[in-house]
Every structure is written in C-alpha cells, then in structure tokens.
Amino acid sequence: MTLVATDSSTSTLPQSEARTEDQTQRFVLTLSCVERAGIVQAVTTFLFERGFNIDEHQQFDDGLRQTLHLRSAFSGSSAFDPERLQEEFRPIADLFDMKFSFHDQTKQRILVMVSKFGHCLNDLLFRWRGGSLGGEIALVVSNHETHRAMVEAAGLPFIHLPVIPETKSDAERRLLELVDEHDIDLVVLARYMQVLSDDLCRALEGRAINIHHSFLPGFKGARPYHQAYDRGVKLVGATAHYVTAELDEGPIIEQEVIRVDHSYGPTALSTVGQDAEALALSRAVRWHCEHRVLLDRTSTVVFR
C-alpha cells in the first residue's frame, strides 16, 4: 500500500478517494401510501439498480390506519438530480398509489417572523450560525422594530412590516411577495403575535411552523404563565406545530416539557417556558428542513 504524504493544508485522502467523495450526491426519499406487500422491496431495488447506497432508512407501519410512512437517505452518483429520480420513480409510485418526494442536499431557505419576544429568534440565529439548524435563514420579518439590531448584526435583512387592522391584508400580501422574492421554503413564526388570515394559512400550508407557549391543549389566551401559576402547574411546556386556519390546532411536530414546582412564580415560569419554546421550535425547524416530518391527516410522523 502506498501512502500519500501531505502537509496540514491538504486533504489526507488518496486522490481517488477524494474524487469519489467530491462526486457523491446525497438524497432523501419520503413517501406515504396504503400498506401492502412489496413496497420496501420496490424502493430498495430502485435505488440498487441506480447504484445508490442507503445511508439511513426509517419506516413506520401504522396498523390502525393501514398506512406506511418511509424515509430513506441515500447516496451515489452525481449524474442524478431530484427531478430525474422523481420521473423514473413515478411508475412505482403509481403502482402503489404513493405520495412521495425526492430531495437533494440543497438547504431549505427560511423566513423568520417575530414580534417583541426575541428568545426564539435569538436561539434560531445561534443555531443557524453554528450550522445546526438544518436550513438557511434568508431574512427576518417583524411587525416591530425591536430586534432589528440583533438581526442585522447577524448579517441578515430585517424587514419591518407593521400590521394594523386596516392594512393587515396588504401586509400579508407583501409577506407572500417576500416568500417568492427570496425563494422561501419555510416560514417560521418565532413568537409572532399576529393571527394569520385563513387565506394566508392556506397559501403556506405545510410550510409554516408556529410555536405555542403551552403544552397543547393548555392555557390559551393572555398571560398564560399567570394562569399556570394560579393553577399550580407541575409541568411547563411548549408546542411546535404547522400553521392551519384553525388557530393553534395544526399538526404537532414537537413538544417540550420541563418540570416545575410550587416555588416557581410567574417570572420563573416564563423563563422556563421560554427555554421550552426555543427547544421545541428549533427541533421542529431542523426536522422539517431535514425532511423528517411527514404529514398524516391532522397529525405527523417524525423520523428523528
């Protein structure tokens, strides 16, 4: 065996291995369909015949609903792209009546919306800069100027989009324009304290995530942590879910709970709650961006 001598500024891989690494393309296949024999074999045969290696495979067989949900991450030749895979896989999908998608390594582009509470925004920015968010934050939109300095310090555009009853429809129209202009894949409501219209919810269906300040169902409305204190709660939680026209009723992606006791006043409960919100939201965003969340009617299947 011949060893290749290198200095600290060059790759330690042999040239042939480095070329292979450079030429490797990675994809993710997600699908859902009625459960029946032969589905997994059809998928694995399809990938094998095209020279792909399965790097990660997860599936959930829902016996109650008689459905199968599957996520396969695989790698191989850069000669393929999602469009080509989509077209070549279609005969199999038609045979099994599958709802399916292929995705490459392109990171999801994220638009974050925020109002005055900045803890979730700050957490998302921290994880984005550290490379652990799973997607790329493209811009931040707010109905207040409160967090402009934080956002611009991170090198991101900050768009102030005021919302009052008389201009709400115009503001939502402008938001959709920003989604198109910046090629946004996912809208994240990081404690954005405005109720979206039914039309906007439908326009963003399946690509907007909200964080709710309770372990749903829970204390809705104003001053939730004061309500929690009055009721002597022992758990504080938060719920990340997809946005739907039914307020706070969308499919749940992630929930986080933290145990508390009688010594926690409203301020302490609020602090703990903010931690739970940031954790639940960042996980939901990352799992969505990594194509680990499959919608199933009013619920979700999450391959962690």
Side-chain angles (χ1 to χ4, degrees), residues 18-36 38-60 67-111 128 131 133-139 176-188 202-209 242-243 251 253 284-297 300-304:
R19 283 196 298 270
T20 301
E21 182 74 16
D22 291 342
Q23 294 172 358
T24 299
Q25 179 68 292
R26 291 176 173 80
F27 301 95
V28 172
L29 165 65
T30 58
L31 66 84
S32 299
C33 62
V34 175
E35 189 174 17
R36 55 184 278 199
I39 296 172
V40 176
Q41 181 184 27
V43 170
T44 55
T45 299
F46 173 86
L47 297 177
F48 172 76
E49 288 176 345
R50 287 155 182 80
F52 289 112
N53 180 61
I54 296 177
D55 304 314
E56 180 184 348
H57 177 87
Q58 293 172 284
Q59 68 183 69
F60 170 59
T67 56
L68 178 142
H69 306 277
L70 179 151
R71 178 186 185 273
S72 280
F74 57 96
S75 57
S77 171
S78 59
F80 288 87
D81 57 37
E83 290 74 22
R84 179 179 173 185
L85 290 168
Q86 197 97 354
E87 186 61 30
E88 294 186 7
F89 190 74
R90 193 165 301 282
I92 296 174
D94 291 342
L95 177 64
F96 292 99
D97 194 23
M98 295 174 175
K99 179 181 178 181
F100 75 101
S101 294
F102 284 92
H103 312 274
D104 60 15
Q105 298 177 84
T106 303
K107 288 192 173 182
Q108 299 267 294
R109 290 176 58 78
I110 301 168
L111 184 156
W128 167 65
L133 186 60
E136 291 290 344
I137 299 178
L139 74 159
L176 290 176
E177 290 173 356
L178 290 170
V179 168
D180 290 337
E181 290 170 10
H182 292 267
D183 297 319
I184 297 301
D185 301 296
L186 177 66
V187 174
V188 178
R202 283 189 284 268
L204 296 175
E205 184 177 2
R207 54 187 183 130
I209 294 175
Y242 284 113
V243 173
I253 305 169
V285 170
R286 175 165 55 85
W287 293 337
H288 176 94
C289 289
E290 293 177 351
H291 313 291
R292 295 182 179 275
V293 186
L294 280 66
L295 280 167
D296 185 17
R297 305 179 193 180
T300 59
V301 173
V302 183
F303 292 118
R304 303 184 182 185

Practice task
Report yes if the side chains of I110 and L139 come closer than 4.5 Å at any heavy-atom pair, otherwise no.
Solution key: no
Practice task
Taking side chain to side chain donor-acceptor pair (under 3.5 Å) as the test, write out the residues that go with Q105, two or more places apart.
Solution key: Q25
Completion exercise
ring pair (Phe, Tyr, Trp, His ring centres under 6.0 Å) filter on F89, not counting sequence neighbours, yields F46, F100, F102
Problem - Nearest non-hydrogen partners of I184 and A138, listed with the distance - result: CD1-CB, 3.8 Å
Problem - side chain to side chain contact (heavy atoms under 4.5 Å, CB included) partners for A42, two or more places apart - result: I92, F96
Exercise for the section: Report yes if the side chains of F303 and H291 come closer than 4.5 Å at any heavy-atom pair, otherwise no. Expected result: no
Problem - Nearest heavy-atom neighbours spanning G206 and L295 - result: CA-CD1, 4.2 Å
Practice task
List in chain and number order the residues that pass salt bridge (charged side-chain N to carboxylate O under 4.0 Å, His left out) with R202, two or more places apart in sequence or in another chain; answer none if no residue qualifies.
Solution key: D199
Exercise for the section: Specify the closest pair of heavy atoms between C289 and G134, including all atoms of both residues, with the distance to one decimal. Expected result: CB-O, 3.3 Å
Exercise for the section: State the CD-CG distance between E290 and L133, to the nearest 0.5 angstrom. Expected result: 9.5 Å
Problem - Trace of the side-chain contact (heavy atoms from CB on, under 4.5 Å) decision for L29 with L85 - result: CA-CA 10 Å; L29 165 65; L85 290 168; over 6 Å; no
Problem - With E87 via salt bridge (charged side-chain N to carboxylate O under 4.0 Å, His left out) - residues at least two apart - result: none
Practice task
With R84 as the cation and F80 as the aromatic partner, state whether NZ or CZ is under 6.0 Å from the six-membered ring centre and within 45° of the axis.
Solution key: yes
Practice task
Check whether any side-chain heavy atom of L204 sits under 4.5 Å from a side-chain heavy atom of V243, and report yes or no.
Solution key: no
Practice task
Nearest 0.5 Å please: distance from the CG atom of D55 over to the CZ atom of F74.
Solution key: 9.5 Å
Handout entry: Short N-O contact, E56 and R292, less than 4.0 angstrom
Key = yes
Exercise for the section: Given side-chain contact (heavy atoms from CB on, under 4.5 Å), test D97 with V34 step by step and report yes or no. Expected result: CA-CA 8 Å; D97 194 23; V34 175; 5.7 Å; no
Problem - Separation of T67 OG1 from K99 NZ (nearest 0.5 Å) - result: 12.0 Å
Practice task
Please examine the side chains of Q108 and H288, heavy atoms only from C-beta on, and report whether any two atoms are closer than 4.5 Å.
Solution key: yes
Problem - Residues that W287 engages under side chain to side chain donor-acceptor pair (under 3.5 Å), provided they are two or more places apart - result: none
Exercise for the section: Sequence neighbours left out, what passes side chain to side chain contact (heavy atoms under 4.5 Å, CB included) with L95? Give chain and number order. Expected result: none
Fill in the blank from the handout: Note: E88 and P91 closest approach over all heavy atoms is O-CD, 3.4 Å
Handout entry: Residue list, salt bridge (charged side-chain N to carboxylate O under 4.0 Å, His left out) with D296, at least two apart or on another chain
Key = R65
Problem - Set of ring pair (Phe, Tyr, Trp, His ring centres under 6.0 Å) partners for H69, sequence neighbours left out - result: none
Handout entry: Partners meeting side chain to side chain donor-acceptor pair (under 3.5 Å) with T30 (sequence neighbours left out)
Key = none
Problem - Atom CD of E205: over 12 foreign heavy atoms under 6.0 Å - result: no
Practice task
Check whether any side-chain heavy atom of L70 lies under 4.5 Å from a side-chain heavy atom of L68, and answer yes or no.
Solution key: yes
Handout entry: Validation row: V187, I209 side chains within 4.5 angstrom (heavy atoms)
Key = no
Handout entry: Close side-chain approach of R304 to Q58, heavy-atom, < 4.5 Å
Key = no
Exercise for the section: With sequence neighbours left out, write down each residue that passes side chain to side chain donor-acceptor pair (under 3.5 Å) with H57, or none if nothing qualifies. Expected result: Q59, S72
Practice task
Side-chain contact test, heavy atoms from C-beta onward, threshold under 4.5 Å: evaluate it for W128 versus E136 and give yes or no.
Solution key: yes
Problem - side chain to side chain contact (heavy atoms under 4.5 Å, CB included) partners of C33, counting only residues at least two apart - result: L31, I39, M98
Exercise for the section: Please answer whether the main-chain N or O of V302 pairs with a side-chain N or O of T300 as donor and acceptor at a distance below 3.5 Å. Expected result: no
Problem - N53 and S75: side chain donor to acceptor below 3.5 Å - result: no
Practice task
Take L186 and V188 through the test side-chain contact (heavy atoms from CB on, under 4.5 Å) and record every step on the way to the result.
Solution key: CA-CA 6 Å; L186 177 66; V188 178; 3.8 Å; yes
